[in-house]
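By convention in this document, chain letters (A, B, ...) are assigned in the order of the sequence lines, proteins followed by strands, and residues within each chain are numbered from 1.
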Protein chains: 2
Amino acid sequence: MNAATVLPRGAAIGVLGGGQLGRMLASAAARLGFDVHVYTPQPDSPAARVAAAATVAAYDDLAALEAFAGLVDVVTFEFENVPATAVEALSRAALVRPGAPSLAASQDRLAEKRLLASLGLAVAPHAPVDGPDDLAPAYAAVGPRAILKTRRLGYDGKGQARVMAADDLAAAFTALEGAPSVLEAMIDFSCEVSAIVARDAGGAIVSYDVAENRHADGMLRESRAPARVEPRMAAEAVSGAERLAHALDHVGVLCVEYFVAADGRLIANEFAPRVHNSGHWTEAACRVSQFEQHIRAVAGWPLGDPARHADAFMVNLIGSDIDAAVAIAAAPNACLTDYGKRDAVAGRKMGHVTYLQPKG
Amino acid sequence: MNAATVLPRGAAIGVLGGGQLGRMLASAAARLGFDVHVYTPQPDSPAARVAAAATVAAYDDLAALEAFAGLVDVVTFEFENVPATAVEALSRAALVRPGAPSLAASQDRLAEKRLLASLGLAVAPHAPVDGPDDLAPAYAAVGPRAILKTRRLGYDGKGQARVMAADDLAAAFTALEGAPSVLEAMIDFSCEVSAIVARDAGGAIVSYDVAENRHADGMLRESRAPARVEPRMAAEAVSGAERLAHALDHVGVLCVEYFVAADGRLIANEFAPRVHNSGHWTEAACRVSQFEQHIRAVAGWPLGDPARHADAFMVNLIGSDIDAAVAIAAAPNACLTDYGKRDAVAGRKMGHVTYLQPKG
C-alpha cells in the first residue's frame, strides 16, 4: 500500500508487540474486518491469542521482521522503542505507521524535550548528562530537586534516579550505569493530565477529552476523564499534542503527558507515539476508542468521533489486583478488561476497570 | 467445572460455531481474560481468527466434539441446531451451557409453540402437518392466510412456504420436501419486537430494553432500541422471555421474537437460546453487551448492567452492503462491525452498523 491507500476490509495489519496494547489494537482491528498479524518474541502472548496470525521472533531479527512485513499491508506498534534498523527492515516490505520520525523523537528524552520546547510546549528545566563531568554543571542549572533519566529505553519509571542533593549525583549516575542521561528539574505539581489525539495521513486530527492521571511507583494507577482542570488548560494540553502530531507528520494515536505545576503552568513531561494507558477509558466511554481510532488512522480510514458519552474513572489492575476480577465485574458501572496474562506477577499490569457515570 | 463453579480468568471457553456470533462471543470472552476455543467445520472461520484456538471438524464427528470439550471448561453455542447426540458427546467432557432443554425446545417449532403457550405467551394459531393427510384439516383450522414451516432446522426464512389459498397447500408441502411441519396462521402485524434476557445458573436474570425489528426476505434488516411500543407491551415482552428462561433453567442469553398484531396483542413467534442479531445494538449502546452477558452467565460470573446509554438503530450489512464500510465508518454516530467474512456473497450477513443518538 502507499501513503494514500484506503486499506480494504480483510486486509492484514501487522502489530509489533504482543502485550495488552497489541491485544486491544488487534481486537479493534478485527471489529473493523481486518486480519491482525502480531510480531512478538513471546510465545502464547496476550495479543496473539486474539489475532489471526503471529510471528514469534526477536525484535532484532531483521530477516524475520522483513518477512513479517511482507505478509501484511501496514505495520504499526504497541511500543515506541523500535530500533531504527528494525523500522528500516519493516519499511522494505510494508508501509510503517507511525513513521520513523515519531519513533525516533520519542526514543531519546533529550530530543523529545527539545522538540516539545521548539513547538512552544513548556518543559521542565533540563540538562544533558553524557558523562560524569556533566553532572555538577547540570545540577547547578537544574537543581536542587531533580531526576536523572536515561535518554533511551525508559518506561514505567525504570531508568530513573532521584537527585535531592548534590551528594546524590554520583550514586544516581551509577544506578543508571553511566548511560547518557538527562537531568530534569522535579516539577512541584498539583496534578498530571494527558492529551490523546489521533491524526490521519491527510493531516486531519481528532482529540479526546483530556484525562487526569495519578501515578505511583512510576506507573500509572488511575485516569479520570474529564480532567478536573480549567477548560483553557485542557485546550492548551490538546493544542500541544496536536502541534506535535503535525510536526512529526504522525499517523495514528499520540499521547502527551503533562504536569499541572503548582504555579498553574502546564509542563509537558513526555509523549508516546501510540495508544496509551491513560486512554483506556475511551474503550468504555466513547463510541470510537483510542484503539479503533489508531487502526482507522493507520488503515487510511476516516477518523471517528472521539466524543465521550459518560464520565470515566479508570483503575489499572496491577499484580494480584486481578484476583478480584469477578468481584470487580459485579460492581455497578464497571467495565472490566483482563489482558489474559498468565501470571499475576507483582508490578505487572494485568488489566483495568473503567467505572462510568453520567456526564457531570 | 460443575454447575456452581465460577470460571477463573484464563480458563478456556469452547464455542461451537465459527460465524459472526461466535466471533463476537470470542472477543467478549477475551476481554474478560478467557481463552476461547472455537469448533467449526470451516477453515479460516471469522470466529477462529479472533480466538486462541480452533478445532476444524464436522458437527457430527462425536469423537472430535468430545476431544474439543476435554480442552475447555465450558462449552456454549452460536446456534441452536446442535443435535442431541452432539450435546451428549460434549457433556461427557465439559459443562454445556445452555443445556439440552434450551436447545431441544428451540429445535422443534411445534414443541417451541407449545412451550411458549404453556407459559402464557400468546402464539399464532397453528396445527401440525406430519403428512399430506394433515394439510386440509390444518388449513381449515388455521387459514385462510398461513405459512407452512418445517418443524426442524429453519432459519433466516428458509424451510418456509406461504399458503394463501387451499390450492397452495400441496405445492408448499412439496417445497418443504414433505418434512414434518407446522402450519401457522399469518399474523397481520403492525411491528415486530424482540426481548433479550440473560439468566445465570442461580436464576438471576437481567433484561435489555426491547428492540423493534424489521425483516425482509425472511432476514432481519434493522433493529431499533427502544422499540416504539407502550411500556406495558415492552414489559409483557420481557416478562415472557424471563418466564421462558426460568422454565428451561436456561443459562446464558435468550431472545424471544414477537409480532405486535394489528389488534394490539403481542404474539410470540419464536425464540433463540443464544445471542441474537436483534441484540447487536447492545455492543454499541450498553456497558455490557449481550455477548459479554452470555459469557458472564456461562462462566458463572455475575451478570452485568443491561442499561442503555443511548438510543440505537442497527442496520445489517448484507452482501455487497459491506462494500460501503469505509463510508459507513465515516458517518456521524456510526459504530461499525465487520465480521471478517472473505466473500460478500449476496444474502450473506457481512457486518452491521449501529447508529447512536442521545436517549430520547
Please find the pair of heavy atoms, one from [X] and one from [Y], that lie closest to each other, and give the distance.
X	Y	value
A:Arg9	B:Ile322	NE-CG1, 3.4 Å
A:Cys335	B:Arg287	SG-CG, 3.0 Å
B:Ala329	A:Pro302	C-CG, 4.5 Å
B:Arg31	A:Leu336	NH1-O, 3.1 Å
A:Ala30	B:Arg23	O-NH2, 2.6 Å

Problem set entry | Heavy-atom pair count under 4.5 Å with chain B, highest-scoring of A:Pro46, A:Ala284, A:Ala334, A:Gly304 | A:Ala334
Seminar exercise, completed: In terms of heavy-atom pairs under 4.5 Å with chain B, the winner among A:Ala52, A:Pro358, A:Ala325, A:Gly10 is A:Ala52
Please state whether the side chain, the backbone, both or neither of [X] comes within less than 4.5 Å of a heavy atom of chain B.
X	answer
A:Arg342	both
A:Asn333	both
A:Ala51	backbone

For this session: Kindly indicate whether the side chain of A:Ser27, heavy atoms from C-beta on, has any atom under 4.5 Å from the side chain of B:Val50.
Result: no
Problem set entry | Side chain to side chain, B:Val6 and A:Val326, heavy atoms closer than 4.5 Å |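 Of all side-chain heavy-atom pairs linking A:Val326 with B:Val6, at least one is under 4.5 Å.
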Problem set entry | Under-4.0 Å salt bridge between B:Arg49 and A:Asp35 | yes
